[in-house]
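A, B, ... follow the sequence lines: proteins, then strands. Residue 1 opens every chain. The model shown is predicted, which means the values in this text are computed figures rather than measured ones.
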Protein chains: 2
Amino acid sequence: MATIDDVARRAGVAASTVSYVLSGKRSISPATRSRVEAAIAELGYHPHAGARALASARTQVIALMVPLPMAPGTSTLRPDVDVNVLMQFVAGIAPRARSQGYDVLLVTDDDPGAAERVWAGSTADAIIAMSVQAEDPRTEALARAKMPAILIGLPEDPHGLSCVDFDFENAGRLAVRHLAGQGHRHIVMVGPPATTFERRMSFAERIVRGMRETAASAGVKFSVVPTAARRDAVAASLAPVLDRDDRPTALVVHHEAALPSVLDVLRDRDWHIPGDISVVAVAPPSIAEQQAAPLSSIEVPAQAIGATAVDMAMAAIRGEGTSETRLVRASLTDRGSTAKPSA
Amino acid sequence: MATIDDVARRAGVAASTVSYVLSGKRSISPATRSRVEAAIAELGYHPHAGARALASARTQVIALMVPLPMAPGTSTLRPDVDVNVLMQFVAGIAPRARSQGYDVLLVTDDDPGAAERVWAGSTADAIIAMSVQAEDPRTEALARAKMPAILIGLPEDPHGLSCVDFDFENAGRLAVRHLAGQGHRHIVMVGPPATTFERRMSFAERIVRGMRETAASAGVKFSVVPTAARRDAVAASLAPVLDRDDRPTALVVHHEAALPSVLDVLRDRDWHIPGDISVVAVAPPSIAEQQAAPLSSIEVPAQAIGATAVDMAMAAIRGEGTSETRLVRASLTDRGSTAKPSA
DNA sequence: TTGAAAGCGCTAACAT
DNA sequence: ATGTTAGCGCTTTCAA
């Protein structure tokens, strides 16, 4: 492998000059620059990452902590949709990082000490931790090690770390605004079971708040029906609402697992979508598209969140680390499952 | 950050002794060892990865090339590529690498030059390339750079590189043999979308070959129906085949994402499994078990393949690189979704 | 605008 | 069993 000295010799300059041509940190005469560049090309020179890291104290690597969602007790992945969202994040993170000259190191250890290992060993300049839960042991570990770290998700106590997450409140506003704009005056959100709300899961509260406020200011009737996923549970939960004379003309389903059941229930009543009732899902596109009928949906903009996380990591590396929480806005993809309510 | 000299000073030994305690490359007296280990613990010392790489010419990093399956022209993931399988590989690779003291660097660039960048810059000691296609530009790039590389998949011309893959041809034979043995004379494979075949993903070609040959020699009628995953697409793709008078009595589904849709379509026709039609899935057990009815399946042992790839990469790094191709054989798990066809 | 030289923190001969 | 020392290839002062 060619070294910087080989290049320097070949170009008839000092090694430092080659370094400066590469980094652009000082001005180089056009003649010198082109000789150096020629030498680099001829030798197929690539700077040694380790040497660079050692001398500059910068690795140009971002560590990405990805919890492998293994099914408990087995050695197989949990058959969740999780995996799709995970990949979406990666699809947002990796290209953005590359575009800033950074590589991405995958850290899948469940050990919270993994982060420290990576940081203390100067293996990466910053850490992005994915799928942070309400109470996540990794959060404190990251904070304690005082390393540049970004959390994807919103823990109960961020310990002063920066976070990125989906703007659920905005998602709620968006859904209601879309439906109200089509003329709906009565909207029901089919949501996660009551226990989820009782457990102060912030995302559930946030999306409801967004919907409720927008509904109120638009003069739209709105209520929430929490339900378990099983079909009989869904049927039972929805019956009181759907049986009324002034039944809702639109449903917003924020409960992936219950989605098929909801559609079954509607089909049982022989209600057509969107002719008899409009439906919006809050779900990844892969889910929304795969239902019996494709559903208009609000998607978690995982890629945008990933890219944002990278930007925040860069800022943190540069020491511009004002700890902040950024919420990424939702967008609604119309797949034709909503329409003006029939009079 | 503490350095090896800090540790040495604190333990009252030479830096090299600390190094040897860490690497185990020469014997250390128990007394010295424990003093050094104490110093390491007290200082929270972690060796600087770059310095180590520079001095030892080993990065302890494996690069994992994962092509992000983006839908052309969009910024979303292509729905036809099995993200689950991708993650399964990762779930096999990352822990195995860690257990050997290696970290995993994610390389998602579609640029074939990415591999060379990583290798020539001494960013990784070896490269594992996933999802290798029949004719993959990356293959030649890897071979040309003469770096330790393992391909997951089977290109038309491996250019002398080692490969690991699932024995898809064997899987195809197995499926048809199983069904033909039960008396089926007309089998249809429900496969990935046409685009997958057009991109000449070798796995698709190989499983079809295995099925076709076995079918031919058993005198069984056989055809392939490529399809997208969405339910309407599946319904449309299957209709011409299922509507015929001599409809197939068995389906082999090699398309995880489409599996639910296929079952939906059969249910819509009120066809019972296996009474009215037999179904074999080529999918991970978690998927096959989770369907409306548990499906007999042939499993792609993706995790095992990933772990094997790591082992082969290690061997290659150690210079034990006899270029070889390992095909991991299929096995069929009977979950009762196939039966003798009704007359 | 360029060069010379001193490290960065570690490993691996080479000594003892 | 342990210490000494010479680099590994680069960045970045300090000089010119």
Side-chain angles (χ1 to χ4, degrees), chain A residues 1-37 39-40 43-61 101 103 117-125 317, chain B residues 1-37 39-40 43-61 101 103 117-125 317:
Chain A
M1 292 284 98
T3 73
I4 200 172
D5 282 309
D6 297 329
V7 175
R9 228 179 333 265
R10 175 143 196 157
V13 299
S16 58
T17 300
V18 177
S19 176
Y20 285 119
V21 166
L22 252 20
S23 70
K25 287 188 181 173
R26 76 181 182 194
S27 52
I28 303 286
S29 76
T32 304
R33 149 164 286 119
S34 67
R35 292 217 319 289
V36 169
E37 279 166 349
I40 288 175
L43 294 172
Y45 168 72
H46 289 266
H48 187 290
R52 175 173 272 184
L54 182 55
S56 69
R58 284 246 170 300
T59 61
Q60 304 295 105
V61 169
D103 271 315
R117 192 196 96 237
V118 163
W119 169 248
S122 298
T123 299
D125 296 334
I317 290 171
Chain B
M1 293 283 100
T3 73
I4 200 173
D5 282 310
D6 297 329
V7 175
R9 218 169 354 251
R10 176 144 195 155
V13 299
S16 58
T17 300
V18 177
S19 176
Y20 286 119
V21 166
L22 252 20
S23 70
K25 286 188 181 172
R26 75 182 183 193
S27 52
I28 302 283
S29 76
T32 304
R33 150 164 285 117
S34 67
R35 291 217 320 289
V36 169
E37 280 166 349
I40 288 175
L43 295 172
Y45 168 71
H46 289 264
H48 187 290
R52 175 174 273 181
L54 181 55
S56 69
R58 285 245 168 303
T59 62
Q60 304 296 108
V61 169
D103 272 314
R117 191 196 97 238
V118 162
W119 170 248
S122 298
T123 300
D125 296 335
I317 290 171

Residue-phosphate contact under 4.0 Å: A:S29 side-chain N/O, C:dT2 OP1/OP2: yes
Under-3.5 Å donor-acceptor pair between B:S16 side chain and D:dT4 base: yes
Closest-nucleotide 5' rank along DNA chain D - winner of B:A55 and B:P30: B:P30
Nucleotide C:dG9, atom C1' - distance to CG of B:D6 in whole Å: 10 Å
Sugar-phosphate only, base, or nothing, as touched by B:V18 at under 4.0 Å among non-hydrogen atoms: nothing
Chi angles and distances behind the side chain to side chain contact (heavy atoms under 4.5 Å, CB included) call for A:Y20, A:I28: CA-CA 8 Å; A:Y20 285 119; A:I28 303 286; 4.1 Å; yes
Integer-rounded Å distance: C:dC10 P and B:L22 CG: 9 Å
No-H, no-angle donor-acceptor pair, A:R26 side chain to C:dT1 base, under 3.5 Å: no
Residue mapping more 5' on DNA chain C - nearest nucleotide basis, B:A51 or B:Y20: B:A51
Residue B:L54, side-chain heavy atoms: nucleotide from C:dG3, D:dT4, D:dC8 that is nearest: D:dC8
Between C1' of C:dG3 and CZ of A:R9, the distance in whole Å: 15 Å
Spatial distance of atom OG (B:S19) from atom CZ (B:R52) [nearest 0.5 Å]: 7.5 Å
Test side chain to side chain contact (heavy atoms under 4.5 Å, CB included) applied to B:L22 and B:I40, step by step: CA-CA 10 Å; B:L22 252 20; B:I40 288 175; 3.6 Å; yes
Nucleotide C:dG9, atom P - distance to CD1 of B:I40 in whole Å: 16 Å
Atom-pair distance (CG on A:D5; C1' on C:dA4), nearest Å: 12 Å
Out of C:dG7, D:dT12, D:dA1, whichever nucleotide has its closest atom nearest the side chain of A:S56: D:dT12
Proximal nucleotide (of D:dC10, C:dT2, C:dC10) relative to the A:H48 side chain: D:dC10
Sugar-phosphate only, base, or nothing, as touched by A:G121 at under 4.0 Å among non-hydrogen atoms: nothing
Derivation and outcome, side chain to side chain contact (heavy atoms under 4.5 Å, CB included), residues A:T123 and B:H46: CA-CA 10 Å; A:T123 299; B:H46 289 264; over 6 Å; no
Touch class at under 4.0 angstrom, heavy-atom based, for B:T32 against every strand present: sugar-phosphate
C:dA12 OP1/OP2 closer than 4.0 Å to side-chain N/O of B:K25: yes
Length of the line joining A:R35:CZ and C:dT1:C1', which is rounded to integer Å: 12 Å
Heavy-atom donor-acceptor pair, A:T59 side chain to A:D125 backbone, under 3.5 Å: yes
First encountered from the 5' end of DNA chain C, between A:T17 and B:R52: A:T17
Between D:dG9 (P) and A:Y45 (OH): distance, integer Å: 10 Å
